[in-house]
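First up is the structure itself, then whatever we jot down about it.
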Amino acid sequence: MAVTFSDLHTESGLKSLNEFLVGKSYISGDQISKDDIKVYGAVLEKPGDVFPNASKWYESVSSQLASSFPGKAVGVSFGGKAAAAPVEAGPAKEAAGNEDDDLDLFGDETEEDKKAVEEREKAKKTSSKKKESGKSSVLMDVKPWDDETDMVALEKAVRSVEMPGLFWGASKLVPVGYGIKKLQIMLTIVDDLVSVDSLIEEHLTVEPCSEHVQSCDIVAFNKI
């Protein structure tokens, strides 16, 4: 039996899709099919957390489409209503009146449908590229002034540094010699928001942290 979805660019449309996907991995079965591609093309962007089933389905289809198109995208953009034009164009869509957003999943796929999927996929990738920001994992050595430095207070001072895109992780004390220990700590940063050099020079080695911290060294820096 054919399934019809309407107005997938609206909350009511996404709600109906979310309800339909309860207990389902894909539109028509346990594997991705042409039906999923057609519905995916009609959804403008990833559904929010209020639509968990639709959001999970959208991510699954996105990942499988990405693996099917391994070429490196340089990014495209559309002016005005260019992205929406293919959906409205064509005699079949015009004849449908206010049913432009209805999808008969078992109907024939027209050239207009194919173009709509392609244009929406390009627009989605462009939008995602703008939102994506890489992350890095950093292992840092934080050295005290001497063996009398309170290492508990030192770590507390380090972790007191907060900023958007900075996430402190696990830590341990590592013997250096002559009774001195250094703090070795993991942190994760969002590359577009946090500079490790600025973190060290403007936060960790100036007051109040400098009361405990003599210097900081980057032990490892890896992109996530």
Side-chain angles (χ1 to χ4, degrees), residues 11 14 18 43-67 70-77 121-224:
E11 288 192 4
L14 290 175
N18 187 70
V43 178
L44 297 179
E45 59 184 7
K46 178 183 174 181
D49 294 338
V50 294
F51 307 110
N53 301 313
S55 179
K56 182 178 179 181
W57 164 83
Y58 190 93
E59 287 185 347
S60 177
V61 176
S62 295
S63 63
Q64 295 194 54
L65 286 176
S67 63
K72 182 178 180 181
V74 297
V76 295
S77 60
E121 177 64 15
K122 290 178 181 178
K124 181 193 72 65
K125 288 182 178 179
T126 301
S127 176
S128 297
K129 187 174 182 180
K130 292 179 180 179
K131 295 178 181 179
E132 288 177 356
S133 180
K135 293 183 179 180
S136 298
S137 176
V138 183
L139 178 62
M140 179 186 298
D141 279 351
V142 183
K143 300 176 182 178
W145 286 104
D146 51 41
D147 60 340
E148 296 182 357
T149 300
D150 185 339
M151 297 304 292
V152 174
L154 181 146
E155 180 171 357
K156 184 177 180 180
V158 169
R159 291 184 181 275
S160 70
V161 177
E162 298 180 349
M163 61 180 67
L166 171 63
F167 308 95
W168 295 108
S171 65
K172 64 180 180 178
L173 296 179
V174 180
V176 177
Y178 303 101
I180 300 176
K181 295 182 179 180
K182 63 182 178 181
L183 174 69
Q184 195 165 79
I185 188 167
M186 293 290 301
L187 56 144
T188 301
I189 61 171
V190 177
D191 297 333
D192 288 350
L193 300 178
V194 179
S195 164
V196 177
D197 290 338
S198 296
L199 173 63
I200 294 174
E201 296 172 3
E202 300 175 11
H203 297 277
L204 296 178
T205 55
V206 299
E207 294 184 351
C209 290
S210 60
E211 179 180 348
H212 309 285
V213 177
Q214 179 195 55
S215 63
C216 299
D217 294 320
I218 304 302
V219 179
F221 192 107
N222 299 297
K223 295 290 185 180
I224 299 176

(Q) Other residues, nucleotides and ligands only: do more than 12 of their heavy atoms fall within 6.0 Å of CD on Gln214? (A)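 Check passes, neighbour count above 12.
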(Q) Looking at Asp146, I want to see if its CG is surrounded by more than 12 non-hydrogen atoms of other residues, nucleotides or ligands under 6.0 Å. (A)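 Enclosed: over 12 neighbouring heavy atoms sit under 6.0 Å from CG of Asp146.
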Q) Is any side-chain heavy atom of Val194 less than 4.5 Å from a side-chain heavy atom of Phe167? A) no
Q) Hey, are the side chains of Met140 and Val158 touching, using non-hydrogen atoms and a 4.5 Å cut-off? A) no
Which atom names give the shortest non-hydrogen contact between [X] and [Y], and what distance separates them?
{"X": "Leu193", "Y": "Pro164", "value": "CB-O, 3.6 Å"}
{"X": "Gly169", "Y": "Ile185", "value": "O-CG1, 4.2 Å"}
{"X": "Pro52", "Y": "Asn18", "value": "N-OD1, 3.3 Å"}

Q) What pairs with Tyr58 under ring-ring contact (aromatic ring centres under 6.0 Å, His included), at least two apart in sequence or on another chain? A) Tyr40
Between the main-chain N or O of [Y] and the side-chain N or O of [X], is there a donor-acceptor pair closer than 3.5 Å?
{"X": "Arg159", "Y": "Leu154", "result": "no"}
{"X": "Asn222", "Y": "Ser137", "result": "no"}
{"X": "Ser160", "Y": "Ala157", "result": "yes"}
{"X": "Trp168", "Y": "Val161", "result": "yes"}

Q. Residues in side chain to side chain donor-acceptor pair (under 3.5 Å) with Ser60, at least two apart?
A.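 Tyr26.
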[atom1]-[atom2] distance between [X] and [Y], expressed to the nearest 0.5 angstrom:
{"X": "Thr149", "Y": "Lys182", "atom1": "OG1", "atom2": "NZ", "value": "15.0 Å"}
{"X": "Gln184", "Y": "Asp141", "atom1": "CD", "atom2": "CG", "value": "4.5 Å"}
{"X": "Asp191", "Y": "Ile224", "atom1": "CG", "atom2": "CD1", "value": "8.5 Å"}
{"X": "Ser62", "Y": "Lys46", "atom1": "OG", "atom2": "NZ", "value": "8.5 Å"}
{"X": "Ile180", "Y": "Glu148", "atom1": "CD1", "atom2": "CD", "value": "10.0 Å"}
{"X": "Leu183", "Y": "Lys143", "atom1": "CG", "atom2": "NZ", "value": "12.5 Å"}

Q) Pairs in or reaching into residues 200-211: which pass side-chain hydrogen bond (donor to acceptor under 3.5 Å, both in side chains), with residues at least two apart or in two chains? A) none
Q: Check step by step if side-chain contact (heavy atoms from CB on, under 4.5 Å) holds for Leu199 and Leu187.
A: CA-CA 11 Å; Leu199 173 63; Leu187 56 144; 3.8 Å; yes
Q: Would you sort out whether Ile200 and Ile218 count as a side-chain contact (heavy atoms from CB on, under 4.5 Å), showing the intermediate values?
A: CA-CA 10 Å; Ile200 294 174; Ile218 304 302; 3.9 Å; yes
